[in-house]
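Written out below as C-alpha cells is the structure these notes cover.
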Amino acid sequence: MSTIYKPDKVEQAARDYWDRERCFEVDEDNGRDKFYCLTMFPYPSGQLHMGHVRVFTISDVIARYQRMQGRHVLQPMGWDAFGMPAENAAIKRGVAPARWTYDNIDYMRGQLKRLGYGYDWRREVTTCSPEYYRWEQWLFTRLFEKGLVYRKNSIVNWDPVDQTVLANEQVIDGRGWRSDALVERREIPQWFMKITAYADELLECLDKLPGWPDSVKSMQRNWIGRSEGIELDFGVEGEDQALTVFTTRPDTLMGVTYMAVAAEHPLAQKAAAGDKAIAAFIEECKKTHAAEAAMETMEKKGMPLGISAIHPISGEPVPLWVANFVLMGYGTGAVMAVPGHDERDWEFASTHGLPIVQVIEPSDGSAIDVQDAPYMEYGRVVNSGFIDGMDYRQAFDAVAERFESEDRGRRTVNYRLRDWGVSRQRYWGAPIPIVYCEDCGAVAVPEDQLPVVLPEDVEFTGVGSPLRDMPEFFETDCPKCGRAAHRETDTFDTFVESSWYFSRYASPGCDTAMVDEREAYWMPVDQYTGGIEHAILHLLYARFYQKLMRDEGLSSADEPFTNLLTQGMVLKDGAKMSKNKGNTVDPQEMIDRFGADTVRLFMMFTAPPEQALEWSDEGVQGASRFLKRFWNAVQSHAAGKEPPPLDVDALDDGQRALRRKTHQTIAKVSDDIGRRYTFNTAIAASMELLNAVNRFEDDSPQSQAVVREALEAVVLVLSPIVPHICHELWHVLGHASAPVDEPWPAFDEAALAQDMIDIVVQVNGKLRGRISVAADADQDEISKLALEDENVRRFVADKAIRKTIVVPGRLVNVVV
RNA sequence: GCCGGGGUGGCGGAACUGGUAGACGCGCCGGACUCAAAAUCCGGUUUCCGAAAGGAAGUGCGAGUUCGAUUCUCGCUCCCGGCACCA
C-alpha cells in the first residue's frame, strides 16, 4: 500500500474484507448478550440525502462500538417502499411505481454499501413485496375478527391535490403534509384501527421508557391528551333524549348560563330542519370547518336554537346554541358553557350578550370580577348551593356522586387521540384484505387466500387508483357464501408497514407466520435512531402495533424500542436541506471526492447527534485533513524500527505522560460513545491524543513502544466512526486481525496515576496561580505551597486569611 | 396559551457531579517551504489595558444562594420544536 492516503483504495479493500468474511451476518445465539441496533428505514426516493447519511452513521457507530464491547449485534436495513412519490414518478415519467421503486432500492443499496455500514443484508425488508405485506394483511384480518378494526362512514380530511384521505397527523395547519394543499371535508367509508382502546396503556408505558428523550414522551402525552371529567345529562324542553355534555370542571356547574352544541349535533340538525337561518349557519360551519379550524383567531360564531335545556340542579331553563367552536369529534359534541370561568365561553357570552355569573372565588380571598375577565384557576366554590365552600376536588367528587347515584352522569376519561384511519384511496400500497358481499357484508380474506397481491404491471393515469379500473383485481367470490363479490380497492396507510418492520427483520424469510421464535431473541430493539419528525406518528403507531402483536401472542415485549435517539436535521445556510430551496449537498459527490470516512467523520464531529448540524465545506476539508494527518502519523511510525515490548516500569516522565494521555483518551472515548453518545467529543479527544503523539519527539525504543500503544488506541477507538481507514492502519501497525473483530481497548488504571499534579490557586475565587504538588500531599501541605506562590502572596498581602478551601486534585481557594 | 428544548469567541461547538470558561475543529493573522500559488508544516488567535509580567471584564438580561455559578433558585427576555376553540 502506498504511503499516500487514497480513500478509494483503502475503502474498497475494507469493504471487500467485511463482505468476504460476512462480518455483519448474525444468527441468534442465546449464549451471547444481544444488541439490536436499528435505524428508521428510508423511503427509496432515488438517492441518499445528507439526513440519511447522518442517521445511518450514528447508528453504525453505535453498532460497531457495541460489537467491540462483545455484544452480539444485529443491524438490519430495509425499505419503506410504498408511498406516493412512486405514483408521482409514474405519472411524470411513465414508469410503473414498482419498477421505479425497485430501481431506486438497487441504487441506494449500493450507496449504503459504499458508506461502509455494517448491515446484515440477508434480513433486508422491502415493504412492497407480497412476502412482507402478506403478514400485515393477515394481522388485519385477525384484528377484524377481534373487533379491533372497524369501518365507518366518516368525515375525513380530503387532500384535493393528492386525491386522498389524510390522517389527522398528516394535516398540518389545515394543509396536507405533503401537498401543502388546503384540506377539505368529505364523507367516505373508511377502515379504522382502534388505537384508542390502547390509549391508557400507550400513555402509562411512557413512564417505563427512561431511555427515551423527554421531548418525545411529552409530545406523545400531549397527543394522547387524556383528560378526566364527568359526563352530565341535561334535560331538553320538548325532547325525550337527554343532552349529554362532558366537563372537566363540574365544580362550575352552577355557573352554566347557556349550552352549545356542534353543527353536526342531532339537536342542531333538528333545529335546522325548521329554520332556514340555522340551516344556513350549519352549512357555513361545514364548509369552513376543516379549512379554518386550525386558524388561531377564528371568530366565535353561533346561533340560538330557540329551545332550552333544563339545568339538572336548579331546574332553570338554559338557552341552547349551536356554535362553531364546539367539536363533534371530542367529548359528546356538546358543552355546558360557564362564561365566568372559561375563556372561550366568556368570549362567546360577551359577543352574544349572554349572562356571566361567578361561582368560583380565589382561595386567597382576593377580589375578582368575572364581568371583566373569566377566572380560570381552581378556587373555592360559591353561589352553588350543595357544593358551596368546597375546593375543586371536593366539588368534583360531590357532583360525580350525586349524578351517578341519580343515574344522570358518570365519571369519564376523554382522549384527544382518535382512532387511526388506515384507508388510502391510493394504488401504491398494500391492499386491504376485505371482500364486500351483498349478503355477508364486509368479509375478511381468509388466511389461505393471502396475500391479496397488488398488481404491479399497471397503466397509470394519475387520477384516482388504477385498481378501480381493474375488474381482474376487484372481481372475486365471497369467501363465506361463494357468491360474486368485490374486493376493497383502498390500500393501507404506509404507516402500517413501518409499524412492525423491525419485528420482521428478526424473522427473515419466515413464510408460515408474521414472526417466529427468532423474534424473541432480538426484540425489543435496544437502540433506535431516527428523525424527531417521527416523534408522534410513527413512534406511536409502532408502539401500538407492538401491543397488538403482543396480545396476538406474537411477541412478549410490551414496548418495541428500549432506547431512542432522535437526531437533528442537516442544515445548509441555516435552513433544512431541500430540493425546493436548492440548498442540497449530494452525499455521493462528497463520497466520490473525499471518501466515505471523511463524510462520516465530518457528520459525527461537527455537532452532537441530537442537535441540528450545519453543513460546512470547510468542515469537510478539515475532516479530510485530519484523516491525512492520522494516516501519515501511523505510516511514518510504522516505517521506523519495530518497537520492543512496552516496559511500563522503565518509562521516564515524558513517556509516562504520553501513556497517561493514551489511557485517559480510551476512558473518555469509551464513555462518550458508550454512554453519552457525544461522538463529537470522542473525536476531539482522539485528535488531542494524535496531536500529542505528533509533538512527541523522542525516538528511543521505549518511546516508540509508547507511541505504538497510543496509535493503536486511536485506530481502535476511531474504528466505529471511520472504519475503513482504521481497518487499513491496523494492518499497517502489524496486525493480521481486523479492528471490527478486536475487543474495545481497556484503559489501565495504573497508567492514569501521577506523582505530581498541577492544581490551581484562587484568591477570593479568582485565579491567581498554579502550583505543582505531590499527588498524595495532604491539605495542609497544599495550602502551604499555595501561599508560597509569588502572585498569590501579592494578592493575600497582609490581609487575614479567613478560610482556605482545598478541592483535592483541582484547586485551592484562599479567602481573605 | 400550554408542553419540551435552547441562548457560551468571527463560526461549529467543549466545560459530564457547583471548582482553571472557550477543549477540538473551522476561519483568520504571522512564519517556513516555493520563482509563485496550492498543498503541507510551525506559531498566534474571547475582549480591553500592557513591550512583557500581569491586570480588568466576560457564558441572553436582572437578582439570589455559595469561599466559588455557563452549571443551582427566582423573575424577565429572545429563539427553536410540538400541541391548541379539547369543554
Side-chain angles (χ1 to χ4, degrees), chain A residues 172 213-223 225-227 229 245-249 252 260 292-300 323-327 329-338 342-345 347-348 376 414-416 532-533 535-536 566 568-569 601-602 605-608 610-623 625-626 628-629 632 668 671-672 675-676 678 680-688 690-691 694-695 758-770 790-791 794-795 802-816:
Chain A
I172 297 152
D214 288 337
S215 57
V216 173
K217 287 190 279 191
S218 142
M219 280 191 243
Q220 293 214 348
R221 276 191 197 100
N222 228 318
W223 189 260
R226 182 180 201 274
S227 65
V245 298
F246 174 73
T247 180
T248 56
R249 291 296 302 270
T252 65
E292 291 182 22
M295 291 183 146
E296 279 176 35
T297 54
M298 190 162 150
E299 201 190 331
K300 299 227 175 337
N324 65 347
F325 68 80
V326 183
L327 306 174
Y330 185 80
T332 60
V335 298
M336 59 175 224
V338 185
D342 180 276
E343 187 163 35
R344 193 194 40 206
D345 296 345
E347 218 178 293
F348 191 83
M376 270 102 66
N414 255 308
Y415 299 92
R416 211 191 69 94
I532 186 76
E533 68 273 19
I536 299 169
T566 51
M569 293 184 299
L601 181 67
F602 166 75
F605 179 59
T606 304
E610 308 214 58
Q611 270 180 46
L613 180 152
E614 173 74 30
W615 181 265
S616 149
D617 290 331
E618 290 83 7
V620 179
Q621 297 275 358
R625 199 148 52 212
F626 170 75
K628 280 182 210 160
R629 273 204 303 273
N632 291 338
K668 173 155 180 62
D671 191 46
D672 284 353
R675 179 181 64 92
R676 299 175 67 210
T678 51
N680 54 331
T681 54
I683 294 165
S686 307
M687 286 173 166
E688 276 189 68
L690 194 73
N691 289 344
N694 282 337
R695 272 196 303 270
D758 292 331
I759 67 172
V760 160
V761 185
Q762 297 179 337
V763 179
N764 289 341
K766 284 187 191 283
L767 177 64
R768 297 303 181 192
R770 287 161 208 279
E790 200 181 323
N791 204 42
R794 209 153 64 81
F795 280 88
R802 291 176 25 213
K803 201 185 214 181
T804 306
I805 290 132
V806 180
V807 181
R810 286 200 178 267
L811 58 70
V812 179
N813 189 12
V814 183
V815 186
V816 295

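In what follows, chains carry the letters A, B, and so on, assigned in the order in which the sequence lines appear, proteins first and then strands, with residues in each chain numbered from 1. Atom set for the values below is all heavy atoms of this structure, side chains included, hydrogens, waters and symmetry mates excluded.
Here the separation of G18(B) from G64(B), taken at their C1' atoms, is 15 Å to the nearest Å. Taking atom C1' on both G9(B) and G75(B), the two are 29 Å apart, rounded to the nearest angstrom. Across U20(B) and C2(B), the matching P atoms stand 37 Å from one another, rounded to whole Å. To the nearest whole angstrom, the two C1' atoms, one in U71(B) and one in A15(B), are 10 Å apart. A gap of 36 Å separates the P atoms of C48(B) and U34(B), to the nearest Å.
When only modelled atom types and interatomic distance are considered, R794(A) and N791(A) share a side-chain donor-acceptor pair under 3.5 Å. Using modelled atom types and a 3.5 Å distance limit, the side chains of N414(A) and S227(A) yield no donor-acceptor pair.
Contact annotation: Q611(A) side-chain N/O to G6(B) OP1/OP2 distance is not under 4.0 Å. Residue N414(A) places none of its side-chain N or O atoms closer than 4.0 Å to OP1 or OP2 of A87(B). Applying the 4.0 Å criterion to OP1 and OP2 of A87(B), one finds that T332(A) has every side-chain N and O outside that range.
By the salt bridge (charged side-chain N to carboxylate O under 4.0 Å, His left out) test, R226(A) pairs with D200(A), E228(A), sequence neighbours left out. Remark: D342(A) engages R344(A) in a salt bridge (charged side-chain N to carboxylate O under 4.0 Å, His left out) (not counting sequence neighbours). Residues forming a salt bridge (charged side-chain N to carboxylate O under 4.0 Å, His left out) with R675(A) (at least two apart in sequence, or on another chain): D671(A).
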Tabulated below should be each protein N or O lying under 3.5 Å from an N or O of nucleotides 63-70 of chain B; please produce it.
unit_1 : atom_1 : unit_2  : atom_2 : d
C67(B) : OP1    : K803(A) : NZ     : 3.2
C67(B) : O2'    : N813(A) : ND2    : 3.4
C67(B) : O2     : N813(A) : ND2    : 2.5

Which protein N or O atoms sit under 3.5 Å from an N or O of nucleotides 26-29 of chain B?
unit_1 : atom_1 : unit_2  : atom_2 : d
C26(B) : OP1    : R625(A) : NE     : 3.2
C26(B) : OP1    : R625(A) : NH2    : 2.7
G27(B) : OP2    : R625(A) : NH2    : 3.2

Enumerate the protein-to-nucleotides 55-59 of chain B contacts in which both atoms are nitrogen or oxygen and the separation is below 3.5 Å.
unit_1 : atom_1 : unit_2  : atom_2 : d
G55(B) : OP1    : R768(A) : NH1    : 3.3
G55(B) : OP1    : N791(A) : ND2    : 3.0
A56(B) : OP1    : R768(A) : NH2    : 3.3
A56(B) : OP2    : R768(A) : NH1    : 3.0
A57(B) : OP2    : K766(A) : NZ     : 3.2

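On a pure distance criterion of 3.5 Å, no polar donor-acceptor pair joins the side chain of R810(A) and the base of U20(B).
Expressed to the nearest 0.5 Å, how far CH2 of W223(A) lies from OG of S218(A) amounts to 13.5 Å.
Residue V760(A) has its side chain nearest to U20(B) when only U20(B), G82(B), C85(B) are considered. Among C83(B), C86(B), G19(B), the nucleotide with an atom closest to any side-chain atom of V807(A) is G19(B). In this structure, the nucleotide among G19(B), C16(B), C24(B) sitting nearest to the side chain of N691(A) is C24(B). Across C16(B), C86(B), C24(B), the shortest atom-to-atom separation from the side chain of Y330(A) is found for C86(B).
Using a 4.0 Å heavy-atom cutoff across all strands shown, A323(A) reaches no nucleic acid atom at all. Residue-level contact check: R221(A) touches neither bases nor backbone, having no heavy atom under 4.0 Å from any strand. Within the 4.0 angstrom heavy-atom criterion, only backbone atoms of the sugar-phosphate kind lie near P608(A); the bases stay farther away.
Following rounding to the nearest Å, M219(A) (CE) and C2(B) (P) show an atom-to-atom distance of 18 Å.
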